[in-house]
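See structure below.
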Amino acid sequence: MEEEDECPELVPIKEKSTGPTAQIPVTIITGYLGAGKTTLLNYILTEQHNKRIAVILNEFGEGSALEKSLAVSQAGELYEEWLELRNGCLCCSVKDNGLKAIENLMEKKGKFDYILLETTGLADPGAVASMFWVDAELGSDVYLDGIVTVIDAKYGMQHLTEEKPEGLINEAARQIALADLAIINKTDLVNESEMVELRGMVRSINGLGKILETQKSRVDLSQVLDLHSFDTKDGIRLAEKLQLVKTSQPHLDKSMLTITFEVPGSVSEDLLNIFIQNLLWEKTFKNKTGLAMIVIRLKGIFSIQQKQKKVMLQGVHELYELDETSECWADHEPRINRLVFIGRNLDGDILKKEFISAMSNKDCVE
Ligand SMILES: Nc1nc2c(ncn2[C@@H]2O[C@H](COP(=O)(O)OP(=O)(O)OP(=O)(O)O)[C@@H](O)[C@H]2O)c(=O)[nH]1
Ligand SMILES: [Zn+2]
């Protein structure tokens, strides 16, 4: 019988943009106070990258002297106008959120091809990310490329282990949990054993993102830009990457951590949606101590019934998206669903059981 959903090899990668101009990637640069975000921005702007980059500094009212110098020495004045840097890059600051800036930016579209957004040290990058993500769905000219979190090698551990009042989230941990790339900066200020400890901590929070170590935020730009962390363009690499993720051993009670598991078979898209919504929206699933599992970053590759192509799941906070990748399941390739969750109060065994039971509504698993 002919397959309904033909899947020839060498399917061109589907671009979200259909217009004549390509969408502009946005990279969110986050990290705790003083970790080295502005240093990273400065470095990127001065490196050879053959891109015209626009920089948005989110709320830098109390910012450092460095930020003001980045702002092309406007006598320390706050400004909300665009400034053109010497190498053609643009710079601006925003007080509220990135949206207004992006609107302004759109008017200058064509003048640049990349946006870097530095959040304040205490910001929730997930909220900023959601904003761009939702906007992209609405046919915006920008898309979210990735979240880069800069970590202070010397004070990072202290930020991460700070006790928070019950129910309040540790911002430093959340920023790491959401990182597609974690940069441990200021390695000159610590010894090797401190590095090992911090690296282990970062890895246990986020088992998915790449970790780099730098001084003065000097990093290979190809590791920072064009990550495609949220779109299906990188679906193939994601499938491979998910196989390498390990469930982490939490360093602290109640800490943020990564859980992963795989379940063979093909699942119903409807039941999958219900499972995800119960997890992200209803917070139905509880760990052994009765606390609701809170997921703030979610990725997965699924085999969906009646679909030839692998389906990718992306989630940030309560937003999620299921998208077909360009890659088909090969003839003899075992159909396996792989899921990775980053968040709090997670229990991998319980979550896996919940997933299997949610999917095993009769005639829903092959
Ligand atoms: N020793 C050392 N200092 C560094 C390094 N990288 C940056 N710094 C210094 O750390 C300080 C803070 O750097 P910024 O880049 O302003 O940090 P930020 O994350 O933008 O800070 P806020 O925006 O205030 O949260 C500056 O004085 C930098 O010169 C490094 O690798 N080693
Ligand atoms: Zn800064």
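Just so we're clear, the structure is a prediction, and the values are computed from it rather than from any experiment. Both counts, for ligands and for their atoms, begin at 1 and track the order of listing.
The side chain to side chain contact (heavy atoms under 4.5 Å, CB included) test with Ile151 is passed by exactly one of Ile183, Asn185, Ile176: Ile176. Checking Thr30, Thr27, Thr38 one by one against Glu118, the side-chain hydrogen bond (donor to acceptor under 3.5 Å, both in side chains) holds for a single residue, Thr38.
The shortest N or O to N or O distance between Asn185 and ligand 1 is under 3.5 Å. Of the polar atoms of Gly34, at least one N or O is found under 3.5 Å from an N or O of ligand 1, judged by distance alone. Residue Thr39 has at least one N or O atom closer than 3.5 Å to an N or O atom of ligand 1. In terms of polar-atom proximity, Thr187 is not counted as a contact of ligand 1, lacking any N or O under 3.5 Å from an N or O of the ligand.
The option with the heavy atom closest to atom 25 (O) of ligand 1, from among Lys216, Lys154, Arg218, Lys37, is Lys37.
Close approach to Thr38 involves these atoms of ligand 1, each under 4.0 Å from a residue heavy atom: 15 (O), 16 (O), 18 (P), 20 (O). Close approach of ligand 1 to Leu189 (heavy-atom distance below 4.0 Å) involves ligand atoms 1 (N). Every atom of ligand 1 with a heavy atom of Glu118 under 4.0 Å away is listed here by number and element: 20 (O), 23 (O). Interface of Leu33 with ligand 1, defined as ligand atoms under 4.0 Å from a residue heavy atom, comprises 25 (O).
Note: Phe275 and Phe355 meet the aromatic proximity criterion, with ring centroids under 6.0 Å apart.
Nearest heavy atoms, Ile24 versus Ile115: CG2-CG1, 3.8 Å. Counting all heavy atoms, side chain and backbone alike, Arg297 lies closest to Asp180 at NH2-OD1, 3.6 Å.
Applying the ring pair (Phe, Tyr, Trp, His ring centres under 6.0 Å) rule to Tyr320 yields no partners; only residues at least two apart in sequence or on another chain are considered.
Residue Tyr155 qualifies as open at atom OH: its count of foreign heavy atoms under 6.0 Å is 12 or below.
Under a 4.0 angstrom heavy-atom cut-off, Gly31 registers as lying outside contact with ligand 1.
Using a 4.0 Å cut-off between heavy atoms, Asp188 contacts ligand 1 through its side chain alone, with no backbone atom that close.
If you put the vertex on the Zn ion (ligand 2), OG1 of Thr38 and OE2 of Glu118 sit 100° apart, to the nearest 10°.
When side chains are defined from C-beta on, Leu208 counts as touching Lys299, because their heavy atoms get closer than 4.5 Å.
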